[in-house]
Amino acid sequence: MNAEDIKAELRRRNMSQRDLAEAVGMSENHLSKSLAGKRQFRLAEMDAIRVELAPEPDSYSIRTIPLLGSVPAGDFRPEEQRGGMRIPVSDPGTPAGAYALKVDGDSMDLIVPDGTTIIIDPDDKALWPGRRYVIQTEDGETTFKEFQADPARLVPCSSNPAHKEIPLGAAPVTVVGRVYSYTLRDVDLPRRTL
């Protein structure tokens, strides 16, 4: 790496000579003279500059997870699950086995509107009041709701009064997974009516 390479890299990164000098612990005056050819870089200075201006590794690739289909936000019903699509996730804490589903319906529209992508953690199945889950019946029908306890029930968070709570315990259900996060565009959510 010579002085011209260093100057070009500084321009590419929109860095000043002062920025580089501070980053490598070098006098800005010495750096300026070295880049102008009026002073030679010391070996330790050049090593520090090489490390600071090293190309960014390719390991910063965006992680993707499978988008497996949709989940009803309403009554329990079967949903077609399809594979092959993937979506990017930016949260580095997204669980390893996570996958995505599109919300189909308005029973959770005070939290997320119809069409929102939800990220599911299939390894988190412990029910906690106030958390949201995808739940499945023995027949394979699913729904996306909030769990509440005392008594155990699935609660819609909806502006549509037609959606009612679903009591748990009468028929066996399986927790498919907890909703880890939501991916949606900025939209106006309905207001809860009291």
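Residue numbers run from 1 in the order of the sequence given. Just the heavy atoms: all of them, side chains too, but no hydrogens, waters or symmetry mates, feed the values below.
- Counting only heavy atoms from C-beta outward, the side chains of I119 and V179 never approach each other to under 4.5 Å.
- The 12-atom threshold is not exceeded at CZ of R18, counting heavy atoms of other residues, nucleotides or ligands nearer than 6.0 Å.
- Contact record, A100 with I65: N-CD1, 4.0 Å, taken as the closest heavy-atom pair.
- For the atom pair OG1 (T117) and CG (L101), the distance works out to 9.0 Å, reported to the nearest 0.5 Å.
- Taking the side chain as every heavy atom from C-beta outward, P72 and F144 never approach each other to under 4.5 Å.
- Counting heavy atoms of neighbouring residues, nucleotides and ligands inside a 6.0 Å radius, atom CZ of R39 exceeds 12 of them.
- When all heavy atoms of S107 and K145 are compared, the closest pair comes out as OG-NZ, 3.0 Å.
- Electrostatic pairing of R153 and E146 does not count as a salt bridge here, judged by no charged N lying under 4.0 Å from a carboxylate O.
- A donor-acceptor pair is defined here as one N or O able to donate and one able to accept, closer than 3.5 Å; no such pair exists between the side chain of Y99 and the backbone of P122.
- Between S34 atom OG and E45 atom CD the span is 6.0 Å, to the nearest 0.5 Å.
- Side chain of T143 to backbone of G74: a donor-acceptor contact under 3.5 angstrom is found.
- Listed for the R63 side chain is a donor-acceptor partner under 3.5 Å among the backbone atoms of T94.
- At least one donor-acceptor pair closer than 3.5 Å links the side chain of D109 to the backbone N or O of S159.
- A salt bridge is defined here as a Lys NZ or Arg NE, NH1 or NH2 lying under 4.0 Å from an Asp or Glu carboxylate O, and R12 with D5 fails to meet this definition.
- Separation of atoms CD1 (I6) and CG (L31) is listed at 7.0 Å; rounding is to 0.5 Å.
- A donor-acceptor pair shorter than 3.5 Å cannot be found between the side chains of D106 and S158.
- Under a hydrophobic clustering in which Ile, Leu, Val, Met, Phe, Trp and Tyr are joined whenever their side-chain heavy atoms come within less than 4.5 Å, directly or via other members, I111 and I120 fall into the same cluster.
- Between the K164 side chain and the P161 main chain, a donor and an acceptor come within less than 3.5 Å of each other.
- The environment of K7 atom NZ is dense: over 12 non-hydrogen atoms of other residues, nucleotides or ligands sit within 6.0 angstrom.
- With 3.5 Å as the limit, one finds no donor-acceptor pair spanning the side chains of T116 and K102.
- Between L67 and R86 the shortest side-chain heavy-atom distance does not fall below 4.5 Å.
- Contact annotation: the side chain of Q17 approaches that of L35 to within less than 4.5 Å [non-hydrogen atoms, C-beta and beyond].
- Contact check for F41 versus M26: side-chain heavy atoms found under the 4.5 Å cut-off.
- Atoms CG and CD, on L20 and E9 in that order, are 10.0 Å from each other to the nearest 0.5 Å.
- The side-chain heavy atoms of M46 and R50, taken from C-beta on, include a pair separated by under 4.5 Å.
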*Would you please test F76 and I166 for side chain to side chain contact (heavy atoms under 4.5 Å, CB included) and show each step?*
CA-CA 9 Å; F76 280 104; I166 301 170; 4.0 Å; yes
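- Under a 4.0 Å N-O distance rule, the pair R77/E141 does not qualify as a salt bridge.
- Between I118 and T183 the shortest side-chain heavy-atom distance does not fall below 4.5 Å.
- With rounding to the nearest 0.5 Å, the separation of OH in Y133 from NZ in K125 is 12.0 Å.
- A donor-acceptor pair is defined here as one N or O able to donate and one able to accept, closer than 3.5 Å; such a pair exists between the side chain of R13 and the backbone of L53.
- V103 approaches D114 most closely through the heavy-atom pair O-OD1, 3.0 Å.
- Results of the side-chain contact (heavy atoms from CB on, under 4.5 Å) test with F147 over I135, L127, V175, V155 single out L127 as the only residue that passes.
- In terms of heavy-atom proximity, E28 sits nearest to A21 at CA-CB, 3.7 Å.
- Under the 3.5 Å distance criterion, the side-chain polar atoms of R178 are left unmatched by any main-chain donor or acceptor of D124.
- You'll find the side chain of L168 reaches within 4.5 Å of the side chain of L154, heavy atoms only.
- Across every non-hydrogen atom of A23 and E52, the tightest pair is CB-CD, 3.6 Å.
- Residue Q148 holds its CD atom at 13.5 Å from CH2 of W128, rounded to the nearest 0.5 Å.
- A donor-acceptor contact under 3.5 angstrom links the side chains of S16 and D19, judged on distance only.
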